[in-house]
Amino acid sequence: MPPSDTPPLVELRDVTKAYAEGDTVREVLSGVQLSLHRGEFVVLLGRSGSGKSTLLNLISGIDVPTRGEVRVDGRNLGSLSERERTLLRRERVGFIFQAFNLLPTLTVEENVRLPLELNGHGAAESGAKARALLERVGLRERARSFPDRLSGGEQQRVAVARALAHAPPLLLADEPTGNLDEATGRQVLDLLEGLTRQGNACALVVTHEPALVSRADRVLSMEGGRLVEREHARREAR
Amino acid sequence: MRRLLVRSSLRHLGGHPWLTALSLLGIALGVAVVVSIDLASGSALRAFERSTDAVAGRATHQVVGGSSGLDERVYRDLRLRRDAPVSAPVVEGHVQAAVGDRRTLTVLGVDPFAEAPFRDYAKGEAVGDVGALLTEPGTVLLSARAAQSLGITSGGELPVRVEGVEKRLRVAGLLTPSDEDTARAVEALVLTDVSTAQEVLGQVGRLTRVDLRIRDEAEAQRLQAALPTGTELVRASARAGTVEQMTRAFRTNLTALSLLALVVGMFLIYNTMTFSVVQRRGLLGRLRAVGITRGELFALVLGEAAVLGAVGTVAGLLLGVLLARGLVGLVTQTFNDLYFVVSVRALALEPFTLAKGLVLGLGATLVAALVPAWEAARSAPVTTMRRSTLEDVSRSRAPRLAVLGLVVLAAGTGMLTWPTQALLPAYGGLFSVLLGSALLVPWVTERLSSVAALPLGSTFGLLGRMAARSVRTSLSRTAVALAALMVAVATTVGVGLMVSSFRGTVVSWLDTSLQADVFISPPSLVARRGGATLVPGLEERLRSTPGVAASSTLRVASARVDGVPTDLLAIDFTRTQARPYRFKEGNPETVWRELESSPDALLVSEPFSFHRRVRVGDTVRLTTDRGPHDFRVVGVYFDYGSDVGTMLMPRTTYERWFDDRGVSGVALYAAPGQDVDALVASVRERAGDSQALLVRANRSLRQASLEVFDRTFTITQVLRLLAIGVAFVGVLSALMSLQLERARELAVLRATGLTPGQLWGLVSLQTGLLGLLAGLFSVPLGMALAYVLVHVINQRSFGWTLRLAVSPETLVQAVLLALVASALAGLYPAWKMARANPALALREE
């Protein structure tokens with residue numbers, strides 16, 4: 001349950017994002033307001049091209065809004081340099097992509113170790129943590145394999161482990177089950193939810209899957225560039 | 001964190017072993033060329049300096065004379081002075097051993113009693129009957145090493161040839177210096193007393209110089225004032241400087257050419273690094289999303305380049321040393337043909353040269369990697385970005401790059417036309433032309449491949465259209481590869497055209513200057529100079545051979561111009577009407593009249609006029625046997641025989657100012673109807689056995705001259721071959737990486753039903769098209785390069801006016817080079833993809 005009395009982990013104030021396409025300007029997000037708290041598992045629904053991925057990019061500091069303010073952990077991303085935003089992402093955010101996006105030149109274990117070592121953990125410590133995480137996602141024995149030897153579901157489990165390895169308070173997932181069959185998708189979501197709740201993190205999961213709604217604390221949807229919140233979605237679903 | 005990133009990088013490099021190896025080869029070849037040229041010419045120079053130092057000893061000053069040295073009475077008078085300085089007489093010259101490897105030896109005739117303050121080895125460390133040197137004429141001391149390789153023992157006989165005359169010397173003892181330096185210095189030395197040297201070298205009564213040890217400038221001035229007319233006091237150190245100066249243009253040119261190979265290498269490195277960045281755009285984007293900063297990515301790519309650079313450079317240094325062992329012979333040959341007598345027995349591994357190679361190799365790699373590293377750092381972390389968007393960006397960038405290219409080209413042209421004789425702006429301009437042209441490539445490629453789609457489509461159907469389109473749709477990769485290829489191939493075109501233009505100019509110059517039918521000269525140790533003399537009396541006998549209608553004689557002497565020894569040609573024109581010279585400055589109608597009527601007029605060659613900044617109407621101060629005298633320059637003639645420059649005066653003028661009466665060569669004009677071969681035969685008969693002479697008909701002298709020319713350009717040709725090698729490697733690696741990178745796309749095609757044969761056809765068409773484009777692009781750039789090399793670089797290095805001749809073979813060769821390399825480049829990827837399981841390729845990210 002969201003502890004609404006604590007300051008929000010993520011806060012979007014009147015955020016607008018527009019792209020120039022030739023002579024016309026297309027507004028993808030307009031006047032978006034949002035607060036996310038630690039411990040929340042939030043699902044974001046919406047049709048293709050509705051601006052879901054753009055929203056994730058803005059929250060992670062990969063992209064900057066045309067207007068408005070994005071705050072993560074109380075820091076206004078607009079006032080940070082590109083480098084500072086990158087470092088904030090490195091420390092505070094875990095990212096999961098639809099296309100897994102593992103690094104093909106690193107083994108499974110090394111992929112998971114990467115965020116740990118980026119955040120200054122020693123090789124021994126990060127190796128142990130990575131192996132423990134792989135154990136949890138059921139891939140301990142594949143630690144030395146390269147990603148291209150793994151199935152899609154296995155790759156996404158590695159991606160989940162990598163995103164959570166350094167225990168970031170914020171987890172962003174962009175259609176994490178989009179490339180997986182139903183059963184494998186469910187397995188990955190179980191992991192994602194379990195690990196998020198365990199670490200008291202906040203997850204924002206973009207999806208097309210209505211089934212995911214049942215797991216969410218809050219359900220948001222993008223409609224015409226605006227963010228609409230469905231109150232008490234979880235309870236409704238029950 | 002760095003460790004994992006470094007590991008990722010290394011695995012990327014290791015995952016593409018062919019490409020990594022080829023780019024290493026590119027760097028290694030570039031470095032090897034530069035290092036080897038430097039080591040080879042450095043070794044030749046060092047060897048020369050060592051032998052010069054050995055014979056100059058500890059002298060501070062020298063008394064020298066006119067073209068034929070100085071009278072030995074000068075030395076006697078010097079010794080009789082009340083304030084006589086420490087002095088020693090020296091007779092020096094070169095002979096050729098008539099046994100063994102026929103090496104060139106330096107004869108040094110000294111006075112053993114005066115030697116001690118000057119040369120150490122002259123007084124001891126000799127084994128054998130050293131005393132015989134003083135008592136027995138014709139005896140010499142030889143270095144133990146030389147004796148061993150010539151197969152001579154102490155007490156044995158050493159036959160030598162001097163200007164075509166064979167003489168026999170007796171080796172009284174062997175010099176065995178204890179330290180290596182001295183041993184090397186005396187390796188080519190024949191030590192003897194003054195009178196034997198005079199006898200052997202045909203300089204009876206003459207000294208080459210008198211070595212002096214002078215305490216201060218005041219003493220030098222006092223002495224200078226007391227010296228007889230026609231002699232001069234010079235500093236001993238001036239001599240090494242002269243050698244340095246004499247060969248500077250030659251060495252600069254070689255260095256420039258070798259640097260060109262490195263520039264080509266740089267483009268290849270740039271290509272490799274850009275490729276590895278472009279190839280990993282996705283991976284770099286992911287790293288950015290995970291939280292790697294731009295600075296870290298920049299450092300990562302530069303780090304990769306540094307690793308490649310270090311490995312390639314070390315390999316290049318080793319290769320360079322190996323190559324230098326081969327090149328040192330060529331450089332020595334060129335030095336011997338053009339400048340002075342030197343024999344190099346070992347390669348001097350200068351640490352400075354190796355360090356320079358290291359810095360150049362690493363520096364060039366890092367500079368070439370800057371742009372790709374910057375591109376990598378700019379990678380957007382947006383992971384959903386599609387490849388087509390990237391290609392749209394690079395296509396939209398093409399026109400802007402083209403405009404930038406034009407600006408850089410304009411700047412380069414500006415630097416090249418800047419009215420200065422300095423070489424630096426010329427090299428800057430050359431580099432700008434290469435860079436500007438490379439920037440034009442993306443735009444031109446886009447246009448041309450659109451055009452090529454039509455004919456390829458109608459000839460090869462869908463595959464043809466796909467081949468043409470893929471060049472355009474992956475412009476971000478193809479353009480970089482094409483630019484690198486164009487530069488590499490254009491370099492070979494440029495150097496090739498330069499050499500053929502140079503040769504063409506020399507051929508037409510020989511046509512003008514070789515008008516006589518028969519040329520006679522004694523063999524000379526420096527092929528292009530020919531200062532050897534005919535034995536007295538022979539000249540007249542040869543000139544009066546029946547069947548000769550007209551004749552002239554030539555004397556090649558060395559005279560000092562402002563203290564610098566310079567070749568002076570004295571020609572006897574009295575028995576011929578022929579004046580086989582073309583003028584750059586001066587009116588041919590009046591020049592000869594003026595020259596032959598005035599006792600102080602001379603002509604100078606184009607390089608002389610260029611190096612000494614002398615023009616018609618200026619004066620040149622020559623040290624003559626009558627003392628220093630100012631001569632008026634009445635014409636500047638074209639001459640490609642010497643890059644240092646020569647002067648020319650009628651024999652009558654020469655004899656007026658110099659005591660030397662030697663003749664170095666005779667030219668005979670056959671009477672009408674006289675058979676030239678018969679004339680050659682009767683000249684040989686009249687010459688008899690008194691001296692071995694080179695009697696050559698016009699045709700064979702022309703041939704011999706061109707042989708010398710070709711020999712001096714062998715090293716340039718070797719460099720060109722190396723540049724072709726680098727270009728070949730470049731074409732191969734660029735196109736191969738392009739195809740390997742498309743593995744997934746090709747796998748999709750295989751999965752869709754393309755047969756291995758069709759796949760091979762598609763790959764071949766694509767690489768063929770790229771090879772053809774690269775070949776075509778390289779033609780105009782190569783011609784521009786040749787123009788710059790011929791009219792700017794060469795002109796500023798040597799002062800020669802050359803005529804640029806475009807030989808179609810060179811151009812066809814370039815296009816073929818690109819096509820063959822591209823055909824080969826397509827083989828491996830096509831074979832690999834045709835054999836590969838498409839499912840596996842599709843799975844790979």
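As a basis for the values below, the full set of heavy atoms in this structure was taken, side chains included, without hydrogen atoms, waters or symmetry mates.
- Interface remark: A:Arg113 contributes backbone and side-chain atoms alike to the contact with chain B (heavy atom separation under 4.5 Å).
- Residues A:Glu117 and B:Leu4 come closest through the heavy atom pair OE1-CG, 3.7 Å.
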A:Arg90/B:Glu296 under salt bridge (Lys or Arg N to Asp or Glu O under 4.0 Å): CA gap, chis, key distance, verdict: CA-CA 13 Å; A:Arg90 179 189 287 190; B:Glu296 284 165 341; 2.3 Å; yes
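- Side-chain atoms of A:Arg89 do not come within 3.5 Å of backbone N or O of B:Ile292 as any donor-acceptor pair.
- Residues B:Val290 and A:Leu103 are not in side-chain contact: their nearest non-hydrogen atoms beyond the backbone lie 4.5 Å or more apart.
- Counting non-hydrogen atoms of neighbouring residues, nucleotides and ligands closer than 6.0 angstrom, the CD atom of A:Glu182 reaches no more than 12 such neighbours.
- Heavy atoms of A:Thr107 lying under 4.5 Å from chain B belong to its backbone as well as its side chain.
- In this structure the side chain of B:Arg294 never reaches within 4.5 angstrom of the side chain of A:Arg83, judged on heavy atoms.
- With a 4.5 angstrom heavy-atom cutoff, A:Glu82 touches chain B only via side-chain atoms.
- At a threshold of 4.5 Å between non-hydrogen side-chain atoms, the residues B:Arg11 and A:Leu106 count as touching.
- Contact count against chain B (heavy-atom pairs under 4.5 Å) is highest for A:Thr86 among A:Leu87, A:Leu88, A:Thr86, A:Leu116.
- Atom CG in B:Leu5 sits 11.0 Å away from atom CD in A:Glu110 (nearest 0.5 Å).
- Heavy atoms of A:Ala123 lying under 4.5 Å from chain B belong to its backbone as well as its side chain.
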